[in-house]
Amino acid sequence: MGREPDGSGRIEVSGLAKRFGTVEAVRGLSFTVEPGAVTGFLGPNGSGKTTTLRAILGLVAPTAGSTLVEGAPYPELTAPGRVVGAVLEAQGAHPARTARRHLQVCASAIGVAEERVDEVLALVGLADAADRAAGGYSLGMAQRLALAVALLGDPRILVLDEPGNGLDPQGIAWLREFLRGFARSGRTVLVSSHQLAEIAQTADRLVVISAGACVYQGAADGLHGRPAVRVRCSDPVRLAEALAARGVLEIDHVADGGLAVAADAVLVGDTALAAGVAVYGLVEERADLEAMFLRLTGGGVA
Ligand SMILES: Nc1ncnc2c1ncn2[C@@H]1O[C@H](COP(=O)(O)OP(=O)(O)OP(=O)(O)O)[C@@H](O)[C@H]1O
């Protein structure tokens, strides 16, 4: 007996860990995805995004922790295809099969009426190409077809793994509008990317991971707006201690011997003065999202 979905549109990941041999792909990851918004799942290559999405969809057995979709583990959901639509990779349709036939086969597999096929073809803008063999499709069209399959069950939740890969700028713009519209209708979108620029314009909320652990979770604007100050001074260690004593904990020692501090310039200057540290330079950085992403994720590609 399957479990009834609770209709919440919520995904909950709690303490998720996954080890492949000696590789800790995901390490104690917890986050919640709510309906009515596009949640971007961002991290460098190899940071554990695909593993996490596959765990949510019951395709990877966690080493520890749990994932719930509408209150139940995905494999236990009754009619999961009506709860979640997923695009994990541009899944191949048989090359000789038309898009329409491919969708008909998928619809029958999840128990969806055939009328839905024409609806999803129109939704993803493939109506005119529906009777062409999928083998002749461009990568962008193949991505749209994969999205059409995900939409067949009219799901409340969409999970997409790097759907922008291989899309041209028009394709990316189209996808962005589609996902925003889907979220605006009160449904849930979780979309992964390693490219901040691609996700920044689409996502309302962000979950940022690095080396399998969460480094930021919250409003996309919140990440944007964090203040950052670069300071050159006579005694970076003493200043870092004085800032920490005032509750400023996000402090990096940077290559030029200075500090990068997530606080505003007045606080940093006042703290230096009180600590008897001479300040030689204080630059307020407009903490753009790119810089913050690189800082949070160590700037590295795994
Ligand atoms: N089936 C597997 N067997 C062994 N190692 C794996 C397996 N799947 C993933 N890994 C490893 O786990 C780590 C995380 O991989 P994952 O694919 O989840 O990252 P990702 O963030 O999706 O990366 P990308 O952006 O490159 O797709 C990597 O080091 C990867 O090599």
Side-chain angles (χ1 to χ4, degrees), residues 9 11 33 35-41 49-50 53-54 56-57 59 69 74 79-95 97-110 112-195 198-199 201-204:
I11 301 172
V33 184
V38 175
T39 299
F41 187 35
K49 301 181 296 297
T50 299
L53 298 183
R54 290 175 66 83
I56 290 170
L57 296 165
L59 299 170
V69 178
Y74 181 93
R82 294 175 183 272
V83 181
V84 189
V87 180
L88 284 190
E89 55 214 24
Q91 294 111 324
H94 188 286
R97 242 183 216 166
T98 66
R100 185 189 306 282
R101 184 74 199 120
H102 179 61
L103 286 164
Q104 284 166 346
V105 170
C106 295
S108 117
I110 63 167
V112 164
E114 213 175 301
E115 288 81 62
R116 179 72 183 153
V117 168
D118 279 323
E119 288 172 20
V120 296
L121 282 165
L123 276 174
V124 304
L126 278 182
D128 291 344
D131 296 311
R132 282 168 48 190
Y137 272 17
S138 69
L139 189 52
M141 291 166 83
Q143 293 276 35
R144 287 178 192 235
L145 181 54
L147 183 58
V149 173
L151 293 169
L152 274 171
D154 198 15
R156 287 184 290 275
I157 301 175
L158 267 183
V159 173
L160 305 103
D161 194 11
E162 309 245 359
N165 272 357
L167 291 189
D168 59 16
Q170 286 90 338
I172 288 177
W174 175 85
L175 183 65
R176 176 181 306 139
E177 281 316 303
F178 181 85
L179 295 181
R180 295 193 65 84
F182 191 88
R184 267 200 304 275
S185 73
R187 288 177 284 178
T188 309
V189 178
L190 176 62
V191 53
S192 81
S193 178
H194 64 276
Q195 283 184 315
E198 184 184 296
I199 207 84
Q201 296 174 50
T202 312
D204 309 294

Chi angles and distances behind the side chain to side chain contact (heavy atoms under 4.5 Å, CB included) call for R187, L158: CA-CA 8 Å; R187 288 177 284 178; L158 267 183; over 6 Å; no
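- The two residues L190 and I11 make their nearest non-hydrogen contact at CD2-CD1, 4.2 Å.
- Separating the CD1 atom in I199 from the CG atom in L179 is a distance of 8.5 Å, to the nearest 0.5 Å.
- Taking CG of L59 as the start and OH of Y74 as the end, the distance is 7.5 Å to the nearest 0.5 Å.
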Audit row: D154, R82, side chain to side chain contact (heavy atoms under 4.5 Å, CB included) steps and yes/no: CA-CA 6 Å; D154 198 15; R82 294 175 183 272; over 6 Å; no
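- Atom OG1 of T50 sits about 8.0 Å away from atom CG of L88, to the nearest 0.5 Å.
- Residues L175 and V191 form no side-chain contact, since every pair of their non-hydrogen atoms from C-beta on lies 4.5 Å or further apart.
- Closest approach of P155 to G81, counting heavy atoms only: CB-O, 4.2 Å.
- Taking 4.0 Å as the cut-off between side-chain N and carboxylate O, R180 and E177 do not count as a salt-bridged pair.
- A heavy-atom distance below 4.5 Å is not found between the side chains of V33 and I157.
- Side chain of Y137 to main chain of R144: no donor-acceptor pair is present (N/O by atom type, distance under 3.5 Å, no hydrogens or angles).
- Residue E114 qualifies as open at atom CD: its count of foreign heavy atoms under 6.0 Å is 12 or below.
- Side chains of I56 and F41 form no contact here, defined as non-hydrogen atoms less than 4.5 Å apart.
- Proximity of a side-chain donor or acceptor of R116 to a complementary backbone N or O of L151 within less than 3.5 Å is detected.
- Annotation: side chain of V83 is in contact with side chain of R156 (closest heavy-atom distance under 4.5 Å).
- Contact record, L152 with A107: CD1-N, 3.6 Å, taken as the closest heavy-atom pair.
- Here the side chains of H94 and H102 are not in contact, with every heavy-atom distance at 4.5 Å or above.
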Test side chain to side chain contact (heavy atoms under 4.5 Å, CB included) applied to L126 and R100, step by step: CA-CA 9 Å; L126 278 182; R100 185 189 306 282; over 6 Å; no
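- Residues G186 and P35 share a closest heavy-atom pair of O-CB, 3.4 Å.
- With contacts defined as side-chain heavy-atom distances shorter than 4.5 Å, the pair L103/D118 does not qualify.
- Looking at every heavy atom in both residues, L145 comes nearest to A134 through CD2-CB, 4.1 Å.
- A donor-acceptor pair shorter than 3.5 Å cannot be found between the side chains of D131 and T98.
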Candidate pair V189 and L160, rule side chain to side chain contact (heavy atoms under 4.5 Å, CB included), full reasoning: CA-CA 8 Å; V189 178; L160 305 103; 4.1 Å; yes
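- The minimum heavy-atom distance between S192 and D161, with the atom names listed, is OG-OD1, 2.5 Å.
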